[in-house]
There are 2 protein chains.
Amino acid sequence: MTLAEDTARPARREQILDAAAGLFATHGYHGVGIDDIGAAVGISGPALYRHFRSKDAMLSEMLTAISDRLWAGGQQRRAAEDPLRELIAFHVDFALDNPALIVVQERNLAHLTESDRKRVRAQQRRYVELWVEAIRATIPETGELTARAAAHAVFGLINSTPHSRLLGRGRMAELLTAMALGAIESLAAGD
Amino acid sequence: MTLAEDTARPARREQILDAAAGLFATHGYHGVGIDDIGAAVGISGPALYRHFRSKDAMLSEMLTAISDRLWAGGQQRRAAEDPLRELIAFHVDFALDNPALIVVQERNLAHLTESDRKRVRAQQRRYVELWVEAIRATIPETGELTARAAAHAVFGLINSTPHSRLLGRGRMAELLTAMALGAIESLAAGD
DNA sequence: CAGTCAGGTTAGCTGCTGTTAACAACGCGC
DNA sequence: GCGCGTTGTTAACAGCAGCTAACCTGACTG
């Protein structure tokens, strides 16, 4: 059944990736065995090789998907009236909705192969450039390097949410958004 | 020679821990072999067991040392005139001077044994409490949970420096300090 | 000068983990 | 109903990494 195949096949893969992301986030890439991932989706170990070439391939697909989603989302907000505010809201939402992915992306880039790492890095760079653009549009006197460093700092700020998660989604989003804005606005005074 | 022993023995251990920290930070705990660590200090593999009970023990000692240093440093600034500013400066300095330690601490808590992890967590909590205190003294209308979440967010902001490192130590310190302050000051407006 | 001990070395074991092989069952098109 | 592709299963393999054992050496100490 072509319909069933087109939807069911990928669904299985995504189910596996979701489970793997959760496990990777809590135990680290090397701390998770192939059997653990299998067990998490109700099948046993080697069956995963029907869906992925290798364990590395899972991580690779996971990380490229994340960087693609971030860039696509950012790209989409580029033309908004207040791009910076939109980018912040977008990133905050992503971090709150996908804490595991945030953690995995932060920690496991090094475990990718050279070529995959390059691909992910390139996409991340593009995403950062969207932020640099938005920051410099908002605080014009900001230098490019400063804006880039500031963007990374704001990522760190927002991406901290998987480690705290104290306030419930709504108030957490408000807090992070306000703090991110406050941090960036401080660039105006400094220089 | 007692003098030589008192200084040389620990020096070796610290040399090993330094090397291990750097390796762990770049390749991840499981990505580094005992032989790699040995090679990094000019001895070969199993010789490390003259200095540490196990590879886990190295990580354990590393992480407890970090949390102890942070808490001690924070504690020392508690009575300052402007504790928040002092805490920020302290943490920024620590992060800029010890990027590898920051990364290792962020990523490898999960690889500790139950008891070691508890010890580190407890010390981290105490450190956070210093920040909560300082934040609420500066922005009195801040709730405790909000302050805690804000503290974590600022850690994320400052701890981002190992991943960017674009501006050179002095300007980086300025930037992070300003952004951290700006982020915290935004708490006043929000509530 | 003899003995001890800290701090190395290399060889080897053991357990774990990613991966593959060989086989089974189920659903579907012809 | 027959074959075949998909998606499982379990058993086994291979390689690696942490750790131990056995041995060596050089510097102090009595």
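Letters A, B, ... are given to chains in the order of the sequence lines, protein chains preceding strands, and every chain is numbered from 1.
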Does B:Arg12 place a side-chain N or O at less than 4.0 Å from the phosphate oxygens OP1/OP2 of C:dA6?
-> no
Taking 4.0 angstrom as the limit, do B:Asp82 and B:Arg77 come out as a salt bridge?
-> no
Length of the line joining B:Phe52:CZ and D:dG18:P, which is rounded to integer Å = 15 Å
Determine, stepwise, if the pair A:Glu129 / A:Arg148 fulfils salt bridge (charged side-chain N to carboxylate O under 4.0 Å, His left out).
-> CA-CA 8 Å; A:Glu129 287 317 307; A:Arg148 195 136 48 186; 2.8 Å; yes
Between A:Ile16 (CD1) and D:dT7 (C1'), how many Å, whole number?
-> 10 Å
For A:His51 and C:dT19, what is the distance between atoms NE2 and P respectively, to the nearest whole Å?
-> 15 Å
Got a donor-acceptor contact below 3.5 angstrom from the B:Arg13 side chain to the B:His51 backbone?
-> yes
Which heavy atom of B:Leu109 sits nearest a heavy atom of B:Gln124, and at what distance?
-> CD1-OE1, 3.6 Å
Spacing of A:His30 atom NE2 relative to C:dT17 atom C1', expressed in whole Å = 12 Å
In whole angstrom, give the distance that lies between atom CG of A:Leu48 and atom P of C:dT19.
-> 10 Å
Rounded to the Å, how far apart are B:Arg13 CZ and C:dG8 P?
-> 13 Å
Taking atom CZ of A:Arg85 as the centre, does the number of heavy atoms from other residues, nucleotides or ligands within less than 6.0 Å exceed 12?
-> no
Under 3.5 Å, is there a donor-acceptor pair between the side chain of B:Thr161 and the main chain of B:Ile158?
-> no
Would you mind building the protein contact string for nucleotides 19-24 of chain D? One character per nucleotide, 5' to 3', B for base within reach (heavy atoms under 4.0 Å), S for sugar-phosphate only, - for untouched.
-> BB-BB-
Indicate, with a heavy-atom threshold strictly under 4.0 Å, whether A:Val41 touches base, sugar-phosphate, or nothing.
-> nothing
